[in-house]
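Each remark here refers to the structure printed beneath this line.
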Amino acid sequence: MSARTLYDKLWDAHLVKQRDDGTALIYIDRHLLHEVTSPQAFEGLRLAGRSPWRIDSNIATPDHNVPTTRRADGIAGISDPIARIQVETLDDNCREFGILEFPILDARQGIVHVVGPEQGVTLPGMTVVCGDSHTSTHGALAALAHGIGTSEVEHVLATQCLIQRKAKNMRIMTLGHLPPGVTAKDLALAIIGRIGTAGGTGYTLEFAGPAVQALSMEGRMTLCNMSIEAGARAGVVACDETTLDYVRGRPYAPAGALWEQAVAQWRELVSDADARFDAEVEIDAAALAPQVSWGTSPEMVVGIDERIPELSAAQRPGQRDNWEAALRYMGLEPGMAVTDIGVDRVFIGSCTNSRIEDLRQAAAVVKGRKVAGSVLQAMVVPGSGPVKLQAEEEGLHEIFLAAGFEWRDPGCSMCLAMNADRLGPGEHCASTSNRNFEGRQGHGGRTHLVSPAMAAAAAVAGHFTDVREMVSASGGGA
Amino acid sequence: MKAFETFRGRVAPLDRANVDTDQIIPKQFLKSIRRTGFGDNLFDGWRYLDEGDPGKNPNERQINPDFVLNAPRYQGASILLARANFGCGSSREHAVWALEEYGFRVVVAPSFADIFFSNCFKNGVLPIVLNEKNIDELFDLANADDGLELTVDLAAQRLVLPSGAEIPFDVDPFRKRCLLEGLDDIGVTLTDADAIRVFEARHRERCPWLFDALR
Ligand code: SF4
């Protein structure tokens, strides 16, 4: 067989049938469910009198709508009645169909994209889907993972397959290593800034090169998570020792002889040396500074040492108009220094940056410091129950609380503000989430996407600031 | 799904690139467990001046007179003309449900985000990709005082302008068939149930750890 990319291998291993019309039937190994995009799919199954094809491939947890306070009350603690019904509906559907669920009071509940890898529910070599675009996160484990719509959720439940067309291959090759204080999030934002939010449309991205190899699994998940913001449905990272070390011993990961058998296959989950990519992008990782988004699209991003671009710098069609509209919405001026942007709220959380390493990086900056008086609210929302527990065992919560941060319970929270956590109109937020669209974090709210360390630094300074100047040698890359 | 038939409809021009699904249907409306009830909140943040909330009566909302869909000449539009990367952002199919319920059956743009694009077909909405030049011309016509009406002929894969001029478009043959025949694609896939079973048995043999773990 000719040389293949990692994506080619994953695709081939799950190809049920190639149809004459160019579409293919792809087998799905793992299907993650949450409360927002599944109710209509279950209802569709019931209406058509269909039952799930394979129960043991599905797993569910509520995340988008769960409150991040008063969690001991369980579902009763959800004050919004419509949201409460949605979470109850997930419980009911899982019970009815016999699907494994980590409900609101389960110690393992969390953001579905944090929970999957953490529990060993998503594994290398799998096809993973979920009715959520950030399913791309799981590609960090050398899995083919992407988001689907609700009709496809129903399709996967009913058939264990998806009808797909193969995407093209794009390799994002990093050169050199990320400097201290520059993280996977900064790399992700810089890539999107370079190729644009449609740059990856129609491709599966493979992140490669020394800076990616040096990343922890948490960092790789952050990177793959934002593939969708670069327009790609899926992003992947090759399997290596870091991957295997991460997966080993997880609750639902194979063990014993099965583990050995799996690892033998997983070691093949790399692009062949002479594999051909349809597109290649090179990023000089060593030259990157911490990034801050200034606009209403993740591609509107600059280094902390830069200024918001002048309108004359717009190049792509329609870009100038977009920039103008974004600046108007954000209440900012062209040419302004990013460090002059004040911060009203700080959100550390979301499926992009709510894993233990993210919290450690933020805590390292916050330690012994205080949230600036001008900041109305700073909160940390761990990605899952186990992340929260681990952080508490390490004493991170005490560091955050002593500095004036709120220490919340796991969920999506202010990433999309479906629950009570949100921005007020006109407020600027340093957020570790992934989308800075208008109103995403609350009506009229102004989101700036940053790394956990940069969000922590902004909380302390009251405006965006270069975290590298706050943390000297201890800052750490990855 | 209803079969997609040739129709003539009014074009509403939305002159903005990268329109994301958060704009098409803001998240506060995603709490519904139903597939309907989203049309009134399509583009909620742009369409109304007051903040949208699932409980609000649409008739008591403050209409934003500057938003293009609110202009009298675009009322009843069934074709949405948009700019590049339309539908980027989340996978929420609610975005398509909202467009469809509002009355849009076709979205024409130079490019679409992947997940949104495939969600359209599942709901009988046809997304059409045209080159920037054609798109610019359509914007000029649609922006004119009396607006624009187009005939959408999916079978022949062409848009017909009032002048009689035609613009051809591409469409994936499988998706075209599903739309024209109103096929339920789960039903189509299940005609291959045997192939899925054969694959599954082989897959289980090769990767036994993928099975029976989640109980
Ligand atoms: S954390 Fe944000 S981006 Fe991630 S799944 Fe939740 S809402 Fe979506």
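Nothing here was measured: the structure is a model prediction, and the numbers come from that model. Protein chains get the first letters and strands the later ones, always in sequence-line order, with residue 1 at the start of each.
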Arg54(A) charged N/C atom sitting above Phe211(B) aromatic ring, 6.0 Å / 45°
yes
Give the member of Leu123(A), Leu416(A), Val87(A), Thr89(A) that has the highest number of heavy-atom pairs under 4.5 Å with chain B.
Leu416(A)
Just by distance, do the side chain of Arg440(A) and the backbone of Asp22(B) share a donor-acceptor pair under 3.5 Å?
no
What option among Pro39(A), Ser133(A), Gly22(A), Gly444(A) has the most heavy-atom pairs under 4.5 Å with chain B?
Ser133(A)
Validation row: Leu214(B), Arg30(A) side chains within 4.5 angstrom (heavy atoms):
yes
Counting only heavy atoms closer than 4.5 Å, note whether Asp15(B) contacts chain A via side chain, backbone, both or neither.
neither
Interatomic spacing from CG in Asn119(B) to CD1 in Ile148(A) - rounded to 0.5 Å
9.5 Å
Under 4.5 Å from any heavy atom of chain B - which part of Ala417(A):
both
Closest-packed option against chain B by number of heavy-atom pairs under 4.5 Å, given Ile55(A), Asp132(A), Thr37(A):
Asp132(A)
Region of Ile228(A) that comes under 4.5 Å of a non-hydrogen atom in chain B:
side chain
Other residues, nucleotides and ligands only: do more than 12 of their heavy atoms fall within 6.0 Å of CG on Asn57(B)?
yes
With side chain to side chain contact (heavy atoms under 4.5 Å, CB included) as the test, would you mind laying out the steps for Leu190(B) and Arg50(A) before giving the verdict?
CA-CA 11 Å; Leu190(B) 287 175; Arg50(A) 293 179 173 130; 3.8 Å; yes
Cut-off 4.5 Å, heavy atoms of chain B, and the answer for Glu154(A) is both
Report which part of Asn65(A) has an atom under 4.5 Å of a heavy atom belonging to chain B: side chain, backbone, both, or neither.
side chain
More than 12 heavy atoms of other groups within 6.0 Å of Glu5(B) CD
no
Anything in residues 251-259 of chain A with a heavy-atom distance to chain B below 4.5 Å? Please list those residues in order.
Tyr252(A), Pro254(A), Leu258(A)
Given that the side chain runs from C-beta out, which part of Glu51(B) has a heavy atom under 4.5 Å from chain A: side chain, backbone, both or neither?
both
Just give me the residue among Arg206(B), Arg16(B), Arg83(B) that pairs up with chain A most often, heavy atom to heavy atom, under 4.5 Å.
Arg206(B)
Is there a side chain to side chain contact (heavy atoms under 4.5 Å, CB included) between Phe437(A) and Asn18(B) once you walk through the steps?
CA-CA 10 Å; Phe437(A) 300 151; Asn18(B) 299 309; over 6 Å; no
Using 0.5 Å steps for rounding, measure from the CZ atom of Phe199(B) to the CG atom of Leu25(A).
10.0 Å
Proximal component of Ala84(B), with respect to chain A [non-hydrogen, under 4.5 Å]:
neither
Side chain, backbone, both or neither: which part of Thr23(A) has an atom under 4.5 Å from a heavy atom of chain B?
side chain
Taking non-hydrogen atoms and a cut-off under 4.5 angstrom, which of residues 103-111 of chain B neighbour chain A?
none
Salt-bridge criterion met for Lys31(B) and Glu88(A) (N-O under 4.0 Å)
no
With a 4.5 Å limit on heavy-atom distance, are the side chains of Asp20(B) and Glu438(A) in contact?
no
Ile186(B) side chain reached by Thr159(A) side chain, heavy atoms, under 4.5 Å:
yes
Restricting to non-hydrogen atoms, name the atom on Ile115(B) and the atom on Gly149(A) that form the minimum distance, rounded to 0.1 Å.
CG2-N, 4.2 Å
Is Glu200(B) close to Gln160(A) at the side-chain level, that is, under 4.5 Å between some pair of heavy atoms?
yes
Between Thr150(A) and Glu93(B), what is the shortest heavy-atom contact and its length?
N-OE1, 2.7 Å
Contacting moiety of Asn58(A), where chain B heavy atoms sit under 4.5 Å
backbone
I'd like to know if the side chain of Ser91(B) pairs up with that of Arg233(A) as donor and acceptor (distance under 3.5 Å, no hydrogens or angles considered).
no
Non-hydrogen side-chain atoms of Arg197(B) and Trp53(A) separated by less than 4.5 Å
yes
Sort Thr21(B) into side chain, backbone, both or neither according to what part of it lies under 4.5 angstrom from a heavy atom of chain A.
neither
Do the non-hydrogen side-chain atoms of Trp209(B) and Gln265(A) ever get within less than 4.5 Å of each other?
yes
Given a strict heavy-atom distance threshold of 4.5 Å, which part of Leu15(A) is in contact with chain B: side chain, backbone, both, or neither?
backbone
Do you know which of Ile163(A), Ile59(A), Thr296(A) has the most heavy-atom pairs under 4.5 Å to chain B?
Ile163(A)
Rounded to the nearest 0.5 Å, what separates atom OG in Ser90(B) from atom NE2 in His64(A)?
7.5 Å
Most chain B-contacting option - heavy-atom pairs closer than 4.5 Å, from Gly125(A), Gly98(A), Ala13(A):
Ala13(A)
What I'd like to find out is whether the side chain of Arg19(A) reaches to under 4.5 Å of the side chain of Pro173(B), using heavy atoms alone.
no
I need the minimum non-hydrogen distance between Lys27(B) and Gly442(A), along with the two atoms involved.
NZ-N, 3.6 Å
Between NZ of Lys122(B) and CD of Glu152(A), what distance do you get to the nearest 0.5 Å?
4.5 Å
Under the side chain to side chain contact (heavy atoms under 4.5 Å, CB included) rule, what do Arg34(B) and Glu43(A) come out as? Steps first, then yes or no, please.
CA-CA 9 Å; Arg34(B) 299 187 307 135; Glu43(A) 188 59 20; over 6 Å; no
Side chains of Ser32(B) and Gln86(A) in contact at under 4.5 Å (non-hydrogen atoms):
no
What I want to find out is whether Asp21(A) reaches Lys176(B) closely enough, with some N-O distance under 4.0 Å, to be called a salt bridge.
no
Nearest 0.5 Å, please: how far is CG in Asp212(B) from OG in Ser57(A)?
11.0 Å
Among the listed options Ala325(A), Ser297(A), Ala83(A), the residue most often paired with chain B at heavy-atom distances under 4.5 Å:
Ala83(A)
Under a 4.5 Å heavy-atom cut-off, does chain A meet the side chain of Asp114(B), its backbone, both or neither?
both
Please round to the nearest 0.5 Å and tell me the distance separating atom CZ of Arg175(B) and atom CZ of Arg165(A).
7.0 Å
Heavy-atom distances under 4.5 Å only: say whether Val188(B) touches chain A with side chain, backbone, both or neither.
both
